[in-house]
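As structure tokens, the structure follows; a few thoughts come after it.
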Amino acid sequence: MSLTIDFSNKTVVVIGGTSGINRGVAEVFARHGARIAVASRSDDKVQDTVASLKALGAETMGFSADVRDLAAIEGGLATVHEAFGIFDVLVSGAAGNFPATVNGMSANAFRSVVEIDLIGTFHVMKACFSYLKRPGASVINISAPQAFLPMEAQAHVCSAKAGVDMITRTLALEWGGEGVRVNSIVPGPIDGTEGMLRLAPNELVRKRVVESVPLRRMGSPEDIGQACLFLGSGLSSYISGVVLPVDGGWSLGGCGDMSSYLGSLARQKEQG
Ligand code: COA
Ligand code: NAP
């Protein structure tokens, strides 16, 4: 059997696409011929990513904006639309995380993660709609297992990502009539990323994480990129409103002992 996925002449926009998983997603689309736009806060990271996507042969551009700033996101997406036309695929994955218990975090700490992950997703969804190919566009939100698994020291992320998945489902209803599909991908533990560095900061914990994944390995950004490729392509033309774990089965077992580990890590830090 042969399978060709060709994104030539298609525009893919990846918000938060300048490091880790989302940059890996942008690279996978670039290798399949897409035109790519990326965005994040740091102009240096944007420029570095644009250069690496160009080196892969992609037509590419980027803009710097904070997803908490609706006007900045609207302005950036307008420049992408002007240069590249309608969007075939939008991936929204900007996020923040740190381990802290509710007793150990300020209201502003909780708010900052909710504002980036949840309100930021709302801003990106709202600002992109008029530029989406209708019918035919695919929107993919990058979620996390915390969306459906309560975890100690992750109340901010659990609350925000649960909201992200509910925006996904609600927009699958609201935008379905326009022919726009909206899905979430839930990455498992992805090796070498900022997220894993923050949650599994040493070799011992990394080993325990690997042992708790049914497939006995961490994932790669490319694993998530390939799932995005599928959800972005016509192969998934009747899939909408789905929250898809791409995690080697990790969430089936409650993500091992990540919850109690993060709780004790945070409490140790908070008690000095
Ligand atoms: N424990 C408890 N509180 C923390 C914290 C920690 N480890 N790290 C930050 N905070 C608090 C800050 O003290 C501040 O609260 P305060 O004003 O009451 O002191 C609040 O969170 C906001 O921090 P600040 O650094 O001002 O926010 P920011 O907007 O510059 O950055 C973060 C947002 C905190 C989420 C930052 O970690 C970030 O930019 N993350 C992006 C990268 C990332 O997290 N990648 C992994 C994705 S899964
Ligand atoms: P990462 O490298 O820190 O990526 C986060 C991206 O978002 C960066 O490009 C960052 O760039 C951008 N960003 C952060 N805050 C932003 C803001 N306020 N406005 C605009 N852009 C912002 O993290 P990662 O670990 O690869 O995680 C990527 C996604 O996967 C996140 O949604 C995360 O929740 C999810 N996830 C990760 C894992 C994992 O194992 N790593 C597991 C499950 C889910 P700037 O710093 O330039 O803004």
Side-chain angles (χ1 to χ4, degrees), residues 14-26 38-49 62-70 72-73 76 91-121 123-124 140-149 151 153-158 160-162 164-165 184-201 206 209-210 213 218-221 223-225 227-228 243-248 250-251 255 258 262 265-270:
V14 186
I15 305 297
T18 64
S19 60
I21 294 175
N22 306 322
R23 178 164 165 161
V25 169
V38 291
S40 78
R41 292 167 301 179
S42 154
D43 195 47
D44 285 350
K45 285 171 75 174
V46 169
Q47 295 315 327
D48 186 65
T49 307
F63 66 91
S64 56
D66 192 316
V67 291
R68 289 168 283 193
D69 181 347
L70 177 59
I73 289 295
V91 179
S92 176
N97 192 2
F98 47 82
T101 66
V102 167
N103 289 344
M105 79 172 85
S106 67
N108 195 43
F110 185 87
R111 185 181 301 113
S112 68
V113 168
V114 170
E115 281 188 345
I116 298 169
D117 295 23
L118 178 55
I119 315 259
T121 300
H123 286 161
V124 171
I140 302 164
N141 287 320
I142 304 298
S143 182
Q146 290 91 325
F148 52 88
L149 286 174
M151 266 185 216
Q154 292 286 278
H156 45 347
V157 178
C158 292
K161 292 290 195 179
V164 168
D165 286 350
S184 285
I185 281 181
V186 175
I190 306 302
D191 212 1
T193 59
E194 185 62 33
M196 275 324 278
L197 209 67
R198 290 178 184 220
L199 302 189
R206 278 175 44 81
V209 169
V210 170
V213 178
M218 286 211 196
S220 65
D223 287 320
I224 307 305
C228 287
V243 173
L244 176 67
V246 181
D247 67 353
W250 197 42
S251 56
C255 298
M258 188 49 96
L262 286 176
L265 177 79
R267 275 187 288 274
Q268 261 172 32
K269 201 170 154 222
E270 288 156 14

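Read the numbers this way: they start at 1 and go in the same order the structure lists the ligands and their atoms. Heads up: numbering here begins at 1 and tracks the sequence.
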Tell me, please: is [X] in heavy-atom contact with ligand 2, that is, under 4.0 Å?
X: Gly120; answer: no
X: Pro221; answer: no
X: Ala65; answer: yes
X: Lys161; answer: yes

Heavy-atom distances under 4.0 Å decide this one: backbone, side chain, both or neither, for Ala95 against ligand 2?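 Both of them.
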query: Does ligand 2 have a heavy atom under 4.0 Å from the side chain of Met196, from its backbone, from both, or from neither?
result: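 For Met196, the contact with ligand 2 is made by both the backbone and the side chain.
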Would you say [atom] has a protein heavy atom nearer than 4.0 Å?
atom: atom 26 (O) of ligand 1; result: no
atom: atom 13 (O) of ligand 1; result: no
atom: atom 30 (O) of ligand 1; result: no
atom: atom 19 (O) of ligand 1; result: no

Identity of the nearest option to [atom], non-hydrogen atoms only, from [options]:
atom: atom 35 (C) of ligand 2; options: Ala72, Ala144, Ser143; result: Ser143
atom: atom 47 (C) of ligand 1; options: Ala95, Ala100, Ser42, Ser40; result: Ala95
atom: atom 44 (O) of ligand 1; options: Asp66, Asn97, Asn22; result: Asn97
atom: atom 46 (C) of ligand 1; options: Gly195, Ala94, Gly20; result: Gly195
atom: atom 43 (C) of ligand 2; options: Pro187, Ala160, Gly24, Ser251; result: Pro187
atom: atom 18 (N) of ligand 2; options: Val186, Asn141, Asp66; result: Asp66

For [atom], grab the closest protein heavy atom and report residue, atom and distance to one decimal in Å.
atom: atom 8 (C) of ligand 2; answer: Ser19 OG, 3.3 Å
atom: atom 35 (C) of ligand 1; answer: Gly96 CA, 3.8 Å
atom: atom 27 (O) of ligand 2; answer: Ile21 CD1, 4.2 Å
atom: atom 16 (C) of ligand 2; answer: Arg41 NE, 3.5 Å
atom: atom 22 (C) of ligand 1; answer: Ser112 OG, 3.7 Å
atom: atom 6 (C) of ligand 2; answer: Gly16 O, 3.3 Å
atom: atom 6 (C) of ligand 1; answer: Phe98 CD1, 3.3 Å
atom: atom 10 (C) of ligand 2; answer: Lys45 NZ, 3.8 Å

Side chain or backbone of [X] under 4.0 Å from ligand 1, or both, or neither, by non-hydrogen atoms?
X: Lys269; result: side chain
X: Arg68; result: side chain
X: Glu270; result: neither
X: Ala109; result: both
X: Thr193; result: neither

Hey, which atoms in ligand 2 end up nearer than 4.0 Å to a heavy atom of [X]?
X: Pro189; value: 40 (O)
X: Arg68; value: 18 (N)
X: Gly93; value: 29 (C), 31 (C), 32 (O)

Do Phe98 and Val113 have side chains that get closer than 4.5 Å, going by heavy atoms?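 Yes, side chains in contact.
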With only distance considered, is [X] within less than 3.5 Å of ligand 2 through an N or O on each side?
X: Ala94; value: no
X: Val67; value: yes
X: Asn22; value: no

Determine whether the side chains of [X] and [Y] contain a donor N or O and an acceptor N or O closer than 3.5 Å.
X: Ser143; Y: Asp165; value: yes
X: Asn97; Y: Gln154; value: yes
X: Thr18; Y: Ser40; value: yes
X: Glu270; Y: Thr101; value: yes

What do you reckon, does Glu194 have a nitrogen or oxygen under 3.5 Å from a nitrogen or oxygen of ligand 1?
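No; the residue has no nitrogen or oxygen that sits under 3.5 Å from a nitrogen or oxygen of the ligand.
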Here the atoms of ligand 1 under 4.0 Å from any heavy atom belonging to Ser106 are 15 (O), 16 (P), 18 (O)
Keeping Asp117 on the side-chain end and Gly96 on the backbone end, is there a donor-acceptor pair under 3.5 Å? yes
*Arg198 near ligand 1 by a heavy-atom separation under 4.0 Å*: yes
Ile116: heavy atom below 4.0 Å from ligand 1, yes or no? yes
